[in-house]
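Note sheet for the following structure.
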Amino acid sequence: MMLFGQKLHPRNFEHGSRLSRRNGSIEVTARTFKVRITCDEITPACTRLRFDNSNVADKRNYSDGVVENLRAGKSVPVGKGTPTFSTSACDIEVGASRLGIRLKNGMVLETAEDGFGFNGAQSLFNFSVPDASGFYGFGERTKRFNKTGDSLDFYNVDVCAVFPHTFQRDDYDPAYVAIPFAIVRTGAGYVGLYLDNPERLVFDVGHIQPGHLMLQSLAGNNDLYILSGPTLRDVVRNFATLTGRADVPPLWSLGYHQCRWGYKTAAEFRALRENFEKFDIPVSALWFDIDYMDEYRVFTWDRVDLPDPAKLNRELKSAGIRAVTIVDPGVKLEQGYPIYESGTKSGIFCKTASGRDYVGRVWPGDTVFPDFATKAARDWWAGHFAKFIKDAALDGVWLDMNDPATGWSATEDMRFECGTVAHGAYHNQYGHLMAKASWQALRKLDRNARPFLLTRSGFAGTQRYSAIWTGDNVSNWEHLRMSIPCTINLGLSGVAFNGPDVGGFCGHTDEELITRWYQAGFLFPFFRNHTTAHTKEQEPWNFGPQCLARIRDAIHTRYRLMPYLYNCFFAHHLTGDPVLRPLLYDFDSPAFENLDDEFMVGDSILMAPIVERADAGRSVVMHGVRRQQRHVALPDGWWFDLRAGEWIPGGRTILCSACLDEVPIFIRDGSIIPYFNGKFRNGDMTLTKIELHTFIKERDAQLDYYIEDQKTRQYLKGSYNTARIRAGNADGETRIVIDEEGRYATGTVEFAPVIYGSEPSRAVLEHNGVRRSRRLQNSTRRWVSTDVSVQA
Ligand code: MIG
């Protein structure tokens, strides 16, 4: 067994010595192996190389990473002369021990001499990338944004259990989610490599050998997908197409979520609802952690503490609050427990080599595990799952412990497909397949609804079924800081809908940390406060009135920006663009290669939150108020500083200062931000009256705003409109023109302009040909912190 932190030594591999052509494939032979290489064009921007190693006994690729309709591809013949595969995207020259990939967009990616080889069933691909300066993606990761110099393990773990002494640090590896996708930035552009193999892998990013990217697999055959750039956006979109762009989530799930391990009784949930109302904080969902169950038996309720969950959940829903429960995969091994007996009867639990049901040791004690690799188990699960959701009037489910966590029982003893397949082929996909089965259950319950699932573990493509939260973090500044690159890299790896536990899960948070965490996190795609049992209460009102006001500000701003956020998710569904992005995504420059304490939300909002304790960083006292300083790198163009209410020129790094009330936010010149200015009703929002917050300095502004029912799956059949919104300033007047097109009813949304930072006397708004004009006063709204003036 290979330990974490270890990898495969390149010298332990043999390389091919002979090469021959054989019916459309290239065969590489050596003393210890024979490998057949074939090539498929998957899309014009995506090419697959398939390696079939004679030492790999089981030829099946068990991965569910690629969407089903892109698994076949068009077989590419071997060209004459030097053995080459030529596709629309690239020419791939294959040698006995090296690969040369020449992309049509000019980029070149080559292995080193003796750049690929095999050691029994292990594989090594060693790319020489001397001029690469950035490596991104890789799924869920700790540390920094740019992975240059790191070594990354792909083997999902329950972090706290596996790294008990180091999980408080910000550099453990691996984490809960394995997505074997590398994005390489070179001077000439970007290229993506996806190694579609669910077995344990290591990607060594210049740690063993600077200037090299080594992809290593411990078992199984490899499909290597090459995703063309040349831009980062191209690579990310291509990967999202290959592994699936997420459906649009239900609107409520983009709101604020409140959770804690320890909520137990119906009275506590009612008190939460009342407190949110009393403290004027909208909340879209309350979450039930494991204490709701009857002694941790899955699909049961503790009827003493929660005598009528359906009634409670309906009551919450009538206040606009949704209910989500945790569900763990482990089923208590106990005669007489109906779920256990039903699973045993159906024979759907994972087996050991000895043919017995595999037993782990988790919350309920001895537990067995559904074999989500089989359709029979997924169907079995979906049946019980759907019934549970329906009976308890739940709105969504939180899938935990699916890494899978098996406590002190050796995880590798768990086998799949009735014991015929060893653990490795499905380990990294256990959470993914649990999410798939659960998603199918929710779809079956209501064909026209949008399931909401949140999972801890996942694999490439999990976004097709579920959002992901980044697991058990810690209430410390390192974890706050790390949450930014972690969410960015997950987003680049296809999982747009993700985020950390705000406030931190393990340990006690304090007033300053939680304030800064809300301010950094309130526009993260997933936004939930969660903490572990026996920590300080972490709901917004537990830190004094000033802190409450700051947190309220951040949460209110999220709800105000809900039309913008929702639109980002809709755009993700159409394009694959992440919601939260590195600056590199829209502004390619070496200056942003390592920048990970700033990020963009969509195309328009740049956030540079304070992620250091005041005592640790620089600060100044101005007008008697302590203001913390930080550098903010601004891309070229003009940026509207929302706090100062003024335009500032970019293309430079500025020193910014912010007191505890403030978070530095900048809006890109040429932006239109759709904004909700109505009354809050928790997760129930009707976005039919939208303000268009318009920021124009030198660039005309534009926005494609999607209009549909925000509830059902009809948009998937084309039932949505695109409102093309264009705005410009001329003759002291801001002119906004909106043209809706599409198959949804037109005119269901009413727009009103709010103009920032310039002083036009009038705004003219033309919507579907109807003109209205309004006299305006100059308007400056500070989103986070007090509104200073809003006039339209
Ligand atoms: O062994 O359900 O990551 O969010 O509160 C811990 C209890 C199990 C781990 C999850 C965490 C959750 C906790 N769970």
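As the structure lists them, so they are numbered: ligands from 1, and atoms in each ligand from 1. In this chain, numbering begins with 1 at the start of the sequence shown.
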Determine, using ring centers only, whether Phe680 and His556 are less than 6.0 Å apart. yes

Minimal heavy-atom distance between Gly521 and Phe527, with the atoms involved, is O-CD1, 3.5 Å

For ligand 1, protein residues within the heavy-atom limit of under 4.0 Å are Trp261, Asp289, Ile290, Ile326, Trp363, Trp398, Asp400, Met401, Arg456, Trp469, Asp472, Phe505, His530

Tell me whether the centres of the aromatic rings in Trp381 and Phe388 are closer together than 6.0 Å. no

Arg141 NZ/CZ over Phe154 ring centroid, <6.0 Å and within 45° of normal: yes

If you draw the axis of the six-membered ring of Phe543, does the NZ or CZ of Lys536 fall within 45° of it and under 6.0 Å from the ring centre? yes

Pi-cation contact, Tyr155 with Arg200 (under 6.0 Å, within 45°): yes

